[in-house]
Amino acid sequence: MMRHVRGDDLVDAFGRVVRDLRISVTDRCDLRCSYCMPPEGLEWIPSEEVLTFEEIARLAALFKGVGVSSVRLTGGEPLVRARLADLVSDLRLIGFEDLSMTTNGTGLARNARKLKDAGLHRVNVSIDSLLSHRYEEITRRSMLAQVLQGIEVAMTVGLAPVKINCVVMPGTNDDEILDFVEFARLSGCQVRFIENMPLGAQGGWSPEQMFPAVSILALVEDRYDLAELPRSSAPARLFAFADGSPGGIGVIASVTAPFCETCDRLRLTADGAMRTCLFAHGELDLRGPMRAGASDDELLALIRAEVHAKGRGHEIGAAGFRQPVRVMSRIGG
Ligand code: SAM
Ligand code: SF4
């Protein structure tokens, strides 16, 4: 892929250029998805260690200055952070081409209008079952109706396109794949099926807990004619319905067909660590230097060095693979 690189861009040793920043605003969450968190939750990051909105905005502006054009807010559950719309307003002023959020949707009906007015462009909503009893089994909370209502409100206020994230797990929700496809066609959303990755707090991931993207596609193509859309740097392979129906589907084969070669992403955790990869074993503390008075140039020098040292890719499935100590909800998915 041709990459247009400008002088100040953040470029790693393999020539990948950073364009996308995931900002986790909290590690806390109101759900307890079984593949992500134990029922009792986790030991939360103490609030004094969590970046303030001012600190997040300062770093976001720094990243904007070195070529980051898209920001996604995530968590934990971003909507459990109080006054999130204030942060969205700050980020809007910095001026990103794309400003989005990944949410479990439980607080979306209440917040969608405020977020849209503050400058959020779009949302991805995570939902792994359309059956209330199963949604409750997976998330250990009974909130499906609230989430579906949140999706509707998000569409109504124009947080579009609304995308749905669905982690497919064999024996848990794989029998709902076609129901999700119908949901996409009826609602006009894009449903993206995601392979389950080894990032849960309870460890114990094995390949059998992952439903491969090729099998998902085979199932869908058995029923519907799909037209593949041109691939961007985004990790999903995306498809429209050949019959012209609204909506669409995507598959994210993070495990079976990693997209590390075109990865243009960085992550900032709620406690101010920058991570170059979900699966990295190292990370750069930015909160410490920032609170000790580091200048923008000093912070950028640290950031450049960490980006330069980004590894080639993850090695899920390889003999020596080790799950990172930081779990998904503390990194920001
Ligand atoms: N709480 C928000 C949510 O659920 O959308 C945002 C954070 S969550 C960590 C972001 C995304 O990561 C969700 O779509 C979730 O389903 C996904 N996720 C969490 N753990 C995962 C895992 N082990 N493998 C694949 N996806 C995972
Ligand atoms: Fe919360 Fe999202 Fe993890 Fe589910 S996947 S427990 S909603 S952070």
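Along the sequence shown, the residues carry numbers beginning at 1. All ligand and atom numbering here is 1-based and tracks the order in the structure.
Counting non-hydrogen atoms of neighbouring residues, nucleotides and ligands closer than 6.0 angstrom, the NE2 atom of H308 reaches no more than 12 such neighbours. A 6.0 Å sphere centred on CZ of R291 holds more than 12 heavy atoms belonging to other residues, nucleotides or ligands. The 12-atom threshold is exceeded at CG of D179, counting heavy atoms of other residues, nucleotides or ligands nearer than 6.0 Å. Counted within 6.0 Å of CZ on R312, heavy atoms from surrounding residues, nucleotides or ligands total 12 or fewer; the atom is thus considered open.
At least one donor-acceptor pair under 3.5 Å links the side chain of D9 to the backbone N or O of R6. R275 contributes a side-chain N or O that, together with a main-chain N or O of L278, makes up a donor-acceptor pair within less than 3.5 Å. Here the side chain of R16 pairs a donor or acceptor atom with the backbone of C260 at under 3.5 angstrom.
Given atom 5 (O) of ligand 1, the protein heavy atom at minimum distance is S126 OG, 2.5 Å. Nearest protein heavy-atom contact of atom 24 (N) of ligand 1 is M197 N, 2.8 Å. For atom 16 (O) of ligand 1, the nearest protein heavy atom (residue, atom name, distance) is Y35 OH, 2.9 Å. The protein heavy atom nearest to atom 8 (S) of ligand 1 is G75 O, 4.4 Å. Among all non-hydrogen protein atoms, the one lying nearest atom 1 (N) of ligand 1 is G76 O, 3.0 Å.
Ligand 1 has an N or O atom lying under 3.5 Å from an N or O atom of T103, backbone or side chain. Considering backbone and side-chain N/O atoms, V167 never comes within less than 3.5 Å of an N/O atom of ligand 1.
The atoms of ligand 1 that sit less than 4.0 Å from any heavy atom of T74 are 6 (C), 7 (C). Contact atoms of ligand 1 toward N165: 14 (O) (distance under 4.0 Å to a heavy atom of the residue).
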(message) The test is side chain to side chain donor-acceptor pair (under 3.5 Å); show your working for S34 and R140 and say whether it passes.
(response) CA-CA 8 Å; S34 50; R140 305 186 178 105; 5.2 Å; no

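Salt-bridge annotation for K114 and D117: absent, with no side-chain N of the basic residue lying under 4.0 Å from a carboxylate O of the acidic one. Between E283 and R267 no salt bridge is recorded (no basic side-chain N to carboxylate O distance below 4.0 Å).
Inside a sphere of radius 2.8 Å centred on atom 3 (Fe) of ligand 2, the protein N/O/S atoms present are C36 SG.
Of the candidates E77, K163, M328, R22, the one placing a heavy atom closest to atom 12 (O) of ligand 1 is M328.
Judged by a 6.0 Å distance limit and a 45° cone about the ring axis, R185 is positioned over the six-membered ring of F241.
Taking a 4.0 Å cut-off on heavy atoms, S329 fails to register as neighbouring ligand 1.
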